[in-house]
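Sequence lines set the chain letters: A, B, ... in the order given, protein chains first and strands last, and positions in each chain run from 1.
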Amino acid sequence: MTDTQGDVYEVFHQQSRGDPHIYVGSVHAPDPEMALLMAKEQYARRQACVNLWVVPASAILATEYADEDIFDRATDKSYRESWGYKTPKTVRATEDGESTNDED
Amino acid sequence: MTKIETCQALSGVTKEGVIDLLYRMADDELMIGHRNSEWTGHAPILEEDIAFSSMAQDEIGHAQAYFQMLHELGEADADTLAFGRKPREYRCAALVSLQKDDWAFTIVRQFLYDASEQVRLTALANCNFKPLAQLATKLRSEEKYHMMHGRVWMLRLGKSTDESHALMQAALDKAYPYALGLFEPTEHCQPLSQAGICPPEDDLKSQWESAVAPVLADAGLTIPESCKPVYGGRVGKHPPELTQLLDGLQLVYNIDPAAKW
């Protein structure tokens, strides 16, 4: 069955200024302006929000699941994982688990 | 002019005027919210179904806030005011009790209504009766979204196809005289304007006309000429649609007014 409800737009939600926009789902709409209006009620009526983005799903270039193996690590690369580093106590106290020392 | 800080500080013709104004606004909100809720499960697309239902809840929420203020002014509690009155005791304009009709009429009615609400709330946000000024300021943010929503739909449907344009023009021809009826003056309007609480209805109507005209023009729609406002709602004279609406709205309450769920 063909989709008669318009184009698909992906919706990104920002909870407070400075936060990253987080992907929350999609809406159908005939154009971007309508997509924003719809996104507001679908995704921002229950939780705090200061800003929304909508992006046409067709604008997204994605990898193929068939190529999922490109993400595999053929050799031991645990040195890239942040828990491989010793974090000074003072840093650990201010950070929440994930370290930012991920230079690889 | 001195500000009136609390509900208790209101008296005389000013208090009677505020009560009349709150009934007009609350009843408009309750009825249009109820009519719009009739689209739940039936709107053109799923997203709009959710958005429009959510907006219907907004309107009912505004009605509830006005009813609460009425209660503070000595009227019955919100449930009794919403469900416990006879049709002639309601003060809504005829526009809001009409059947939901098709989507074009629904959008046109909602747009014309929201614009009137925005004009009125903007005036009230600076009024001399502080509790109402504060409430109006709070409710305006939801109305801002309603106006964005209405404008987008008006432009899309007005300019989409010949069929959609014709449906929208027919809806506007039908709704416009009723929308003018939103500004039906009552005997309380003069004391309200003298007390610096609500500007005369004619002033609000002019502001409303200036607000809706550009959007209607952008949507390619023509305002019907020399139409006569449909009055009566503000003094309790309603079209039969209100009785039909209330039969549904009050059904459960009339079976058992004290029911809790």
Side-chain angles (χ1 to χ4, degrees), chain A residues 1-68 71 96, chain B residues 33 36-37 39-62 103-104 106-107 110-111 114-115 118 138-161 163-165 167-168 214-215 218-220:
Chain A
M1 208 172 101
T2 48
D3 192 335
T4 56
Q5 304 199 71
D7 299 325
V8 175
Y9 288 80
E10 305 296 356
V11 182
F12 298 81
H13 169 276
Q14 188 185 38
Q15 193 158 10
S16 56
R17 289 191 187 204
D19 283 354
H21 283 70
I22 293 171
Y23 175 63
V24 285
S26 57
V27 292
H28 287 92
D31 58 56
E33 201 183 1
M34 190 75 98
L36 268 181
L37 281 177
M38 296 300 118
K40 186 260 174 191
E41 287 300 343
Q42 318 305 309
Y43 296 108
R45 76 180 190 284
R46 294 187 200 279
Q47 53 179 333
C49 182
V50 294
N51 200 255
L52 284 175
W53 289 346
V54 290
V55 179
S58 60
I60 294 173
L61 188 62
T63 56
E64 300 286 342
Y65 282 111
D67 297 330
E68 213 178 325
F71 302 108
D96 186 25
Chain B
N36 289 349
S37 77
W39 279 103
T40 302
H42 304 278
I45 59 170
L46 176 65
E47 283 81 348
E48 180 59 25
D49 197 299
I50 292 167
F52 209 62
S53 300
S54 176
M55 286 168 57
Q57 288 176 332
D58 292 345
E59 307 293 29
I60 305 268
H62 297 180
W103 186 245
T106 294
I107 286 297
Q110 184 63 25
F111 167 71
D114 278 328
Q118 199 183 42
K138 203 167 107 186
L139 301 185
R140 273 173 71 196
S141 66
E142 282 181 354
E143 280 310 316
K144 191 172 173 182
Y145 172 77
H146 291 194
M147 284 304 290
M148 292 161 79
H149 175 274
R151 189 182 159 278
V152 165
W153 272 104
M154 291 295 292
L155 298 187
R156 295 303 175 282
L157 295 181
K159 294 199 142 169
S160 177
T161 63
E163 187 192 5
S164 78
H165 176 82
L167 288 169
M168 290 293 277
V215 180
D218 286 350

K.L.:
Among the options Leu37(A), Val27(A), Asp31(A), pick out the one with the most heavy-atom pairs lying under 4.5 Å from chain B.
P.N.:
Leu37(A)
K.L.:
Identify the heavy atoms of Gln42(A) and Ala51(B) that sit nearest to each other, and give their distance.
P.N.:
NE2-N, 4.1 Å
K.L.:
Would you please go through residues 41-49 of chain B and name the residues with a non-hydrogen atom below 4.5 Å from one of chain A, in numerical order?
P.N.:
Ile45(B), Leu46(B), Glu47(B), Glu48(B)
K.L.:
Name, in order of residue number, those residues of residues 44-60 of chain A that have a heavy atom at a distance of less than 4.5 Å from a heavy atom in chain B; otherwise write 'none'.
P.N.:
Arg45(A)
K.L.:
Roughly how far, to the nearest 0.5 Å, is the CD atom of Glu41(A) from the CD1 atom of Ile50(B)?
P.N.:
9.5 Å
K.L.:
Could you name the residues of residues 140-148 of chain B that have a heavy atom within less than 4.5 Å of a heavy atom in chain A?
P.N.:
Tyr145(B), Met148(B)
K.L.:
Partners of Asp218(B) by side chain to side chain contact (heavy atoms under 4.5 Å, CB included), sequence neighbours excluded?
P.N.:
Leu155(B)
